[in-house]
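It should be emphasised that the depicted structure is a prediction, and the values quoted were computed from it without experimental measurement. First the proteins, then the strands, lettered A, B, ... as listed; each starts at 1.
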Amino acid sequence: DIQMTQSPSSLSASVGDRLTITCRASQTITSYLNWYQQKPGQAPKLLIYAASSLHSAVPSRFSGSGSGTDFTLTISSLQPEDFATYFCQQSYTTPWTFGQGTKVEVK
Amino acid sequence: QVQLQESGPGLVKASQTLSLTCTVSGTSIISGGHYWSWIRQHPGKGLEWLGYIYYSGSPYYNPSLKSRLTISMDTSKTQFSLRLSSVTAADTAVYYCARHSSNWCFDYWGQGILVSVSS
């Protein structure tokens, strides 16, 4: 199975901060990398697909980059509604796997 | 508007079979290019993809659960289902159904259903 490792596991930030979350795959996944946001009690929501494509209705402050094994999710200016847990996920090969999550908390 | 909704018992006894159904609306589950999946999340933990059924009816299972898992589809009712046999406390989780799209991502999710396994 392809292991997905996110860092950090958690972080504290303030509204307006620029955030970067990284995701590393245990082998190349080309650009088959997706990012999701999950709030407590809710299902994950797709933010970014194919490493850098913004899903419909997702604010432009979210962006993704990377290819191969190393990927990043950037939030350019953190908003109050962005405090949540973020997961990366690879669809390069089955079994499709997720990172362990990065929890973004209020500083 | 594509919507998915999980249904089934919230409590299952250990050693029995967990059965859940996902009802899909707003699209046809037999339209090509989509893999109808089940994903679970243990309390406070990460996400685990369990398996999918393709529009043609072909299933694929995560090898970690393959021996206990069955995913099927009822095209007439626009539903797909999960059956997990011989459950233990380790199967207590929130179970989600989701669509894996032609963009190779999970673009639509159900709200999730918590299933607890009791001894």
Proximal component of Ser101(B), with respect to chain A [non-hydrogen, under 4.5 Å]: neither
Close contacts, residues 68-84 of chain A versus chain B, judged by heavy atoms under 4.5 Å: none
query: When clusters are formed by joining ILVMFWY residues with side-chain heavy atoms under 4.5 Å apart, either directly or through shared neighbours, do Trp38(B) and Tyr55(B) land in the same one?
result: no
Heavy atoms of other groups near Tyr95(B) OH, more than 12 under 6.0 Å: yes
- line: From the list Gln100(A), Lys45(A), Gln89(A), Gln90(A), the residue making the most non-hydrogen contacts under 4.5 Å with chain B is Gln89(A)
query: Are Val94(B) and Leu11(B) linked, directly or through other ILVMFWY residues, by side chains that come within less than 4.5 angstrom of each other?
result: no
- request: Write down the atom of Phe87(A), the atom of Lys45(B), and the distance for their closest heavy-atom approach.
  value: CZ-O, 4.4 Å
query: Near Lys66(B) NZ, under 6.0 Å, is it more than 12 heavy atoms from other residues, nucleotides or ligands?
result: no
task: Go through Pro44(A), Gly41(A), Ala50(A) and name the one with the most non-hydrogen pairs under 4.5 angstrom from chain B.
output: Pro44(A)
query: For Trp104(B), does its backbone N or O pair with a side-chain atom of Asn34(A) as donor and acceptor, under 3.5 Å?
result: yes
message: Does any backbone or side-chain atom of Ile39(B) lie under 4.5 Å from a heavy atom of chain A? Answer side chain, backbone, both or neither.
response: side chain
- request: Mind ranking Gly51(B), Ala98(B), Cys105(B) by heavy-atom pairs under 4.5 Å with chain A and telling me who comes out on top?
  value: Cys105(B)
- prompt: What residue in Leu50(B), Asp107(B), Asn103(B), Asn62(B) has the most heavy-atom pairs under 4.5 Å with chain A?
  reply: Asn103(B)
- prompt: Between Ala43(A) and Trp109(B), what is the shortest heavy-atom contact and its length?
  reply: CB-CB, 4.0 Å
message: Heavy-atom pairs under 4.5 Å with chain A - which of Tyr60(B), Tyr96(B), Trp49(B), Tyr108(B) has more of them than the others?
response: Trp49(B)
query: Once the angle between the rings of Tyr35(B) and Trp96(A) is folded into 0 to 90°, is it parallel (under 30°), tilted (30 to 60°) or perpendicular (over 60°)?
result: perpendicular
message: If I measure from the heavy atoms of chain B, does Tyr36(A) come under 4.5 Å with its side chain, its backbone, both, or neither?
response: side chain
field: Residues of residues 51-62 of chain A within contact distance of chain B, non-hydrogen under 4.5 Å
entry: His55(A)
query: Tell me, side chain or backbone of Pro40(A) under 4.5 Å from chain B's heavy atoms, or both, or neither?
result: neither
- request: Identify whether Ile30(B) and Tyr54(B) are in the same connected component of the hydrophobic contact network (ILVMFWY, side-chain heavy atoms under 4.5 Å).
  value: no
- line: Scanning both residues in full, the closest heavy-atom pair of Tyr52(B) with Thr94(A) reads CE2-CG2, 4.2 Å
field: Flag if over 12 foreign heavy atoms under 6.0 Å of CZ, Arg24(A)
entry: no
query: Under a 4.5 Å heavy-atom cut-off, does chain A meet the side chain of Tyr61(B), its backbone, both or neither?
result: neither
query: Are Trp36(B) and Leu65(B) connected in a single hydrophobic cluster, I mean Ile/Leu/Val/Met/Phe/Trp/Tyr linked by side-chain heavy atoms less than 4.5 Å apart?
result: yes
task: Look at the side-chain heavy atoms of Ile, Leu, Val, Met, Phe, Trp and Tyr, link any pair under 4.5 Å apart, and say whether Val24(B) and Phe106(B) land in one connected group.
output: no
